[in-house]
Amino acid sequence: MFYVKHKANDDVANINIKIDITDDNVYSTCPVCGKEFKVDIVEQIQFDKEFDLFSTYPYCPECNKKYLEAKKKSSSVADQSN
């Protein structure tokens, strides 16, 4: 099992907190619109074989849909010009 470890310091004590990483508690912030959304980390890893937590910036579902539509549109325009 993987987990996130956070050390909280306050004036009274040092507290170590461990949080299990599950399919219910992984979130990201969309780099386009700033919306926080739930991420299926297993799906991300399966989709991108070179996945890493430091350079992956997933889009929220709405921005991802817009991105894919724009990509499809530009691809069809390129196909028509050939």
Side-chain angles (χ1 to χ4, degrees):
M1 164 127 353
F2 292 97
Y3 61 88
V4 176
K5 184 176 178 181
H6 176 73
K7 186 174 186 176
N9 293 318
D10 63 18
D11 294 335
V12 179
N14 291 329
I15 302 168
N16 286 320
I17 301 169
K18 292 182 182 178
I19 303 170
D20 292 342
I21 298 173
T22 68
D23 58 349
D24 289 335
N25 69 356
V26 178
Y27 293 84
S28 186
T29 303
C30 179
V32 177
C33 70
K35 178 182 175 184
E36 181 181 81
F37 64 101
K38 192 173 182 179
V39 175
D40 183 341
I41 199 161
V42 172
E43 182 180 281
Q44 293 289 318
I45 293 167
Q46 290 173 340
F47 177 75
D48 183 357
K49 299 301 179 195
E50 296 180 12
F51 173 85
D52 72 84
L53 292 172
F54 301 106
S55 65
T56 302
Y57 297 94
Y59 289 11
C60 72
E62 294 83 12
C63 290
N64 189 50
K65 182 178 177 183
K66 291 175 189 175
Y67 169 77
L68 292 174
E69 288 172 354
K71 186 176 179 182
K72 183 177 178 182
K73 216 180 257 187
S74 69
S75 176
S76 67
V77 168
D79 291 343
Q80 291 175 0
S81 66
N82 289 331

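All values below were derived from every heavy atom in this structure, side-chain atoms included, with hydrogens, water molecules and symmetry-related copies excluded.
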Original post:
Going by side-chain heavy atoms closer than 4.5 Å, which hydrophobic residues are tied to Phe47, directly or by a chain of links?
Top reply: none
**OP:** Give every residue pair that meets the salt bridge (charged side-chain N to carboxylate O under 4.0 Å, His left out) criterion with at least one member in residues 40-49, sequence neighbours excluded.
**Re:** none
Original post:
With a cutoff of under 4.5 Å between side-chain heavy atoms, which Ile, Leu, Val, Met, Phe, Trp and Tyr residues group with Leu68?
Top reply: Val32, Tyr59, Tyr67
**OP:** Drop me the distance from Lys18's NZ to Tyr3's OH, to the nearest 0.5 angstrom.
**Re:** 3.5 Å
Original post:
By side chain to side chain contact (heavy atoms under 4.5 Å, CB included), which residues pair with Asn25, not counting sequence neighbours?
Top reply: Ile19, Ile21, Thr22
Original post:
What's the shortest heavy-atom distance between Cys30 and Cys60, and which atoms?
Top reply: SG-N, 3.5 Å
**OP:** Using a cut-off of 6.0 Å, state whether more than 12 heavy atoms not belonging to Glu50 lie near its atom CD.
**Re:** no
**OP:** Could I get the full list of side chain to side chain contact (heavy atoms under 4.5 Å, CB included) partners for Val39, not counting sequence neighbours?
**Re:** Val26, Ser28, Phe37, Gln44, Pro58
**OP:** Kindly write out the residues that satisfy side chain to side chain contact (heavy atoms under 4.5 Å, CB included) with Phe54, not counting sequence neighbours, or none if the list is empty.
**Re:** Asp52
Original post:
For Glu62, which residues count as a salt bridge (Lys or Arg N to Asp or Glu O under 4.0 Å) partner, sequence neighbours excluded?
Top reply: Lys35
Subject >> Test side-chain hydrogen bond (donor to acceptor under 3.5 Å, both in side chains) applied to Lys38 - qualifying residues, sequence neighbours left out >> reply: Asp24
Original post:
Rounded to the nearest 0.5 Å, what separation is found between the CD1 atom of Ile17 and the NZ atom of Lys7?
Top reply: 12.0 Å
Original post:
How long is the span from the NZ atom in Lys71 to the CG atom in Asn64, to the nearest 0.5 Å?
Top reply: 10.0 Å
**OP:** Report yes if the side chains of Asp23 and Ile41 come closer than 4.5 Å at any heavy-atom pair, otherwise no.
**Re:** no
